[in-house]
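One structure below.
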Amino acid sequence: MAYITKFFKGGDAVFIVSQCIGVIAAALLLLSFQQRTHRRIVVMQAFSGFLFAVQYFMLGAFEGMTGNIVGMARAVAYSFRGKSKFADSRACPVVFACLAAIGGAITYSSPVSLLPTLAMAISSFVMWSPKTQKLRALTLPTSLMWLIYNIICRSYSGTATEICCEISIIIGLIRFRSKRPNKQKVVEAKENG
């Protein structure tokens, strides 16, 4: 009983709250891969990124926090594809990859720090693609980098998220595969035009 009391009174309460925030962020991220349009995917990922940034801050995992702040800003910018010259320009993913690298350099503490930095830099180009199937498929390797980082940082909700994320991506790839090409092309044409 003393352990349970200590658990809720001490720093362990912060850990529990951080994991709860991570569960909400995870739900948003996982649901994003089941969305039909590029805009819905990136907007849901922006909200998820904000909550994960809060979680990593609470865990003292500042590389993950910085990466998620960049990811949140990037998702908001990318949601304006087709409506903004900056979001449509090839410079846009380069800017966010550079911001991820700068954030990673500022918060660097060990080689593990490179995982979220590299994942965010790569995903800056992946998320910029308006093709939702390509976005899903190319998210798999960056998800693996986050999985490893989350295990090391003790983000259990983040670890579970990445496992579920990979499953959700695969389901999305199967669900929206080319068996209904005309409907998917119409949806993507509406997004881009």
Side-chain angles (χ1 to χ4, degrees), residues 14-15 18-19 21-22 24-26 28-30 32-33 38-132 134-159 161-162 165-166 169:
V14 172
F15 180 77
S18 75
Q19 298 305 315
I21 290 169
I24 297 167
L28 290 173
L29 181 64
L30 296 175
S32 76
F33 291 109
H38 183 268
R39 176 163 294 183
R40 286 182 180 175
I41 291 172
V42 294
V43 167
M44 287 185 78
Q45 288 189 0
F47 288 116
S48 173
F50 171 75
L51 292 175
F52 272 124
V54 171
Q55 180 198 38
Y56 287 123
F57 174 77
M58 294 175 81
L59 291 173
F62 300 113
E63 309 89 358
M65 178 195 73
T66 304
N68 275 278
I69 290 170
V70 170
M72 181 184 68
R74 180 189 68 198
V76 169
Y78 287 8
S79 73
F80 288 98
R81 293 274 332 249
K83 296 182 179 184
S84 162
K85 287 182 181 180
F86 172 69
D88 290 336
S89 74
R90 293 184 185 266
C92 187
V94 173
V95 167
F96 285 107
C98 289
L99 287 173
I102 291 167
I106 292 169
T107 57
Y108 181 85
S109 61
S110 72
V112 172
S113 302
L114 297 175
L115 291 170
T117 302
L118 187 57
M120 292 310 289
I122 292 169
S123 65
S124 292
F125 295 97
V126 171
M127 295 297 293
W128 188 74
S129 171
K131 297 180 179 177
T132 53
K134 183 177 179 183
L135 183 150
R136 289 180 187 100
L138 294 177
T139 300
L140 286 169
T142 59
S143 178
L144 181 60
M145 291 178 207
W146 279 107
L147 174 64
I148 295 166
Y149 180 76
N150 285 324
I151 291 169
I152 293 168
C153 293
R154 293 182 12 165
S155 171
Y156 302 124
S157 56
T159 300
T161 299
E162 294 306 329
C165 186
E166 299 221 355
I169 292 168

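Owing to the predicted nature of the structure, the values given are computational and were not obtained by experimental measurement.
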### Backbone of Met120 reached by a side-chain donor or acceptor of Arg74 within 3.5 Å
yes
#### Entry: Side-chain touch Thr66/Ile106, heavy atoms, less than 4.5 angstrom
no
### Any side-chain donor near an acceptor of the partner, Tyr149 and Glu63, under 3.5 Å
yes
### Query
When rounded to the nearest 0.5 angstrom, what distance separates CG in Leu144 from CG in Leu115?
9.0 Å
### Message
Using side-chain heavy atoms (C-beta onward) and a distance below 4.5 Å, is Phe52 in contact with Met72?
### Response
no
### Query
Can you name the closest pair of heavy atoms from Leu51 and Ala25 and give their distance?
CB-CB, 3.5 Å
### Message
For a side-chain contact (heavy atoms from CB on, under 4.5 Å) check, start with the C-alpha distance between Thr159 and Trp146, then their side-chain angles and the critical distance, and finish with the verdict.
### Response
CA-CA 8 Å; Thr159 300; Trp146 279 107; over 6 Å; no
### Query
Between Tyr108 and Leu114, is a side-chain contact (heavy atoms from CB on, under 4.5 Å) present by the stated rule, with each step listed?
CA-CA 8 Å; Tyr108 181 85; Leu114 297 175; 4.1 Å; yes
### Query
Can you tell if the side chain of Cys92 reaches within under 4.5 Å of the side chain of Phe96, non-hydrogen atoms only?
yes
### Query
With side chains defined as the heavy atoms from C-beta onward, is the minimum distance between Met145 and Ile122 less than 4.5 Å?
yes
### Query
Between Trp128 and Arg81, does a side-chain contact (heavy atoms from CB on, under 4.5 Å) hold up when you go through it step by step?
CA-CA 8 Å; Trp128 188 74; Arg81 293 274 332 249; 3.5 Å; yes
### Query
So do the side chains of Ile69 and Phe50 get within less than 4.5 Å of each other, counting heavy atoms only?
no
### Summary
What one should report as the nearest heavy-atom pair of Pro93 and Ser89 is CD-O, 3.6 Å
### Task
Any chance you could lay out the side-chain contact (heavy atoms from CB on, under 4.5 Å) test for Asn150 and Thr161, step after step, and finish with the verdict?
CA-CA 9 Å; Asn150 285 324; Thr161 299; 5.8 Å; no
### Task
Answer yes or no: does atom CZ of Phe47 have more than 12 heavy-atom neighbours from other residues, nucleotides or ligands under 6.0 Å?
no
### Task
Ignoring hydrogens and angles, state whether a donor on the side chain of Glu162 or Ser143 is under 3.5 Å from an acceptor on the partner side chain.
yes
### Beyond-backbone contact of Phe57 with Gln55, side-chain heavy atoms, under 4.5 angstrom
no
## Note on the structure
On a heavy-atom basis, the closest approach of Ser32 and Ile41 is O-CG1, 3.1 Å
### Task
Check for a donor-acceptor pair, side chain of Ser48 on one end and backbone N or O of Gln45 on the other, with a separation under 3.5 Å.
no
### Message
Testing the basics here: between Ser18 and Met58, what is the closest heavy-atom pair and its distance to 0.1 Å?
### Response
CB-CB, 3.8 Å
### Message
Please find the pair of heavy atoms, one from Ala121 and one from Ala97, that lie closest to each other, and give the distance.
### Response
O-CB, 3.8 Å
#### Entry: Any side-chain heavy-atom pair of Tyr78 and Ser124 under 4.5 Å
yes
### Message
Quick check: closest heavy atoms across Ala100 and Val70, and the distance to 0.1 Å?
### Response
N-CG1, 4.0 Å
### Query
Do Met44 and Leu29 touch side chain to side chain, with heavy atoms closer than 4.5 Å?
no
#### Entry: Residue from Thr107, Ile21, Asn68 passing side chain to side chain contact (heavy atoms under 4.5 Å, CB included) with Tyr56
Asn68
### Reported CD-to-OG distance for the pair Gln19 and Ser155, which is rounded to 0.5 angstrom
5.5 Å
